[in-house]
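Numbers here are sequence positions counted from 1.
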Amino acid sequence: MTYAQENAGSGSGASTFWYVVMAIGLWKMFEKAGEPGWIGFIPFYNQYKLCEKVMNNPWYWLRLFTVVIPFVGIILYLYFTFQIGKATAKAYGQPEAWAWGYTFLTPVFYCITGFSSQYSYYGPFGVGDTRTGDARQAKTVDFEVVEKQPVKEAAPAAARTTVPSESEVEFDFHDDDIME
């Protein structure tokens, strides 16, 4: 048995898994866009409908066949895939940075977009998105660095009249006294 014959099955299994996960994500994305979900499982037609929904140009996906051109083809393929990803991000109300995810981790980002209730379909290039600029930004968390203040000596446990809140409790793992 040759090396190619021994390893032929693992590549096709991974490709099948990649495609099935991508199709499941597309299923949910098409449902959000008002199309039947089963379109996500039909090869080539799913890309036709995706380009129609996010770019208003259903034949744009044919540009992906530039991959057959030696050397230059892979660069053109990545460029066209990125353009489809950018349009998909806009159409579903996401930041343009998501285009990188749609380009390199397509099934993961299709599933996030399809299954998350946070993202809605707004039309080709997001033309129906009436949210303000702040609402379009990715949700972020700002952490404020606060300098720790010295702790004042606490009264003995018997003299306390109130129960401290959870943020006021300190744990000392070297002390044998148990506070009640």
Side-chain angles (χ1 to χ4, degrees), residues 1-140:
M1 196 177 276
T2 67
Y3 179 77
Q5 290 171 335
E6 289 176 4
N7 296 311
S10 63
S12 64
S15 296
T16 301
F17 177 75
W18 185 268
Y19 183 79
V20 168
V21 172
M22 182 185 76
I24 291 170
L26 279 172
W27 178 294
K28 298 302 281 182
M29 287 174 59
F30 283 136
E31 285 181 347
K32 283 184 178 184
E35 293 286 335
W38 57 264
I39 293 173
F41 284 96
I42 310 300
F44 302 113
Y45 186 59
N46 60 11
Q47 292 302 306
Y48 173 86
K49 290 303 274 186
L50 179 68
C51 288
E52 179 184 2
K53 285 299 191 183
V54 301
M55 302 179 91
N56 212 15
N57 181 1
W59 296 105
Y60 190 87
W61 71 276
L62 288 174
R63 296 176 184 174
L64 299 177
F65 282 113
T66 59
V67 76
V68 299
I69 302 170
F71 305 113
V72 179
I74 192 68
I75 295 167
L76 290 173
Y77 175 80
L78 290 173
Y79 173 76
F80 293 135
T81 304
F82 181 79
Q83 294 303 316
I84 293 171
K86 195 163 61 167
T88 303
K90 287 181 182 178
Y92 284 91
Q94 300 159 335
E96 277 190 28
W98 277 58
W100 293 106
Y102 286 122
T103 302
F104 294 107
L105 293 172
T106 308
V108 174
F109 279 76
Y110 282 174
C111 285
I112 291 171
T113 304
F115 285 100
S116 176
S117 60
Q118 182 179 2
Y119 304 113
S120 300
Y121 177 72
Y122 292 103
F125 295 108
V127 294
D129 193 358
T130 57
R131 298 176 297 164
T132 63
D134 292 338
R136 285 191 189 114
Q137 297 301 318
K139 295 189 183 330
T140 59

Could you grab the distance from atom [atom1] of [X] to atom [atom2] of [Y], nearest 0.5 Å is fine?
X	Y	atom1	atom2	result
Ile69	Ile75	CD1	CD1	11.0 Å
Gln94	Gln118	CD	CD	8.5 Å
Thr66	Leu64	OG1	CG	7.0 Å
Met29	Phe109	CE	CZ	12.0 Å
Ser116	Lys28	OG	NZ	11.5 Å
Glu52	Tyr45	CD	OH	7.5 Å

Are Thr88 and Tyr110 linked by a side-chain donor-acceptor pair shorter than 3.5 Å?
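Note: Thr88 and Tyr110 side chains miss the donor-acceptor criterion.
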Testing the 3.5 Å rule here: is there a donor-acceptor pair between the side chains of Tyr121 and Glu35?
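Tyr121 vs Glu35: no donor-acceptor pair found between side chains.
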At their closest point, which heavy atom of [X] faces which heavy atom of [Y], and how far apart are they?
X	Y	result
Gly40	Ala23	O-CB, 3.3 Å
Ile84	Val54	O-CG2, 4.3 Å
Ala87	Met55	CB-CG, 3.5 Å
Ala99	Gly85	CB-C, 3.7 Å
Thr106	Trp18	N-CZ2, 4.2 Å

Take Thr103 and Leu78 through the side-chain contact (heavy atoms from CB on, under 4.5 Å) test and state the conclusion after the steps.
CA-CA 7 Å; Thr103 302; Leu78 290 173; 4.3 Å; yes
Between Tyr102 and Thr113, is a side-chain hydrogen bond (donor to acceptor under 3.5 Å, both in side chains) present by the stated rule, with each step listed?
CA-CA 10 Å; Tyr102 286 122; Thr113 304; 2.4 Å; yes
Do Ile39 and Leu26 touch side chain to side chain, with heavy atoms closer than 4.5 Å?
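Sidechains of Leu26 and Ile39: no contact.
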Any non-hydrogen side-chain atom of Tyr60 less than 4.5 Å from a side-chain atom of Gln47?
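In short, these two side chains do not touch, never coming nearer than 4.5 Å.
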Anything under 30° is parallel, anything over 60° is perpendicular, the rest tilted; go ahead and classify Phe82 against Trp100.
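Ring orientation, 0 to 90° scale: tilted.
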Can Phe65 and Tyr77 be said to form a side-chain contact (heavy atoms from CB on, under 4.5 Å), step by step?
CA-CA 7 Å; Phe65 282 113; Tyr77 175 80; over 6 Å; no
Do any N or O atoms from the side chain of Lys32 and from the backbone of Ser117 form a donor-acceptor pair under 3.5 angstrom?
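Judged by distance alone, no pair lies under 3.5 Å.
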Do any pairs count as a ring pair (Phe, Tyr, Trp, His ring centres under 6.0 Å) and have a residue in residues 23-44, sequence neighbours left out, and if so which ones?
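Output for this query lists Trp27-Phe41, Phe44-Trp61.
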Just wondering, are more than 12 heavy atoms of other shown residues or ligands nearer than 6.0 Å to OH in Tyr48?
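Check passes, neighbour count above 12.
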Partners of Tyr19 by side-chain hydrogen bond (donor to acceptor under 3.5 Å, both in side chains), sequence neighbours excluded?
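Residues passing side-chain hydrogen bond (donor to acceptor under 3.5 Å, both in side chains) with Tyr19: Asn46.
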If you take the centroid of each ring, where Trp contributes its six-membered ring, are Trp98 and Tyr92 closer together than 6.0 Å?
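So the answer is no for these two rings.
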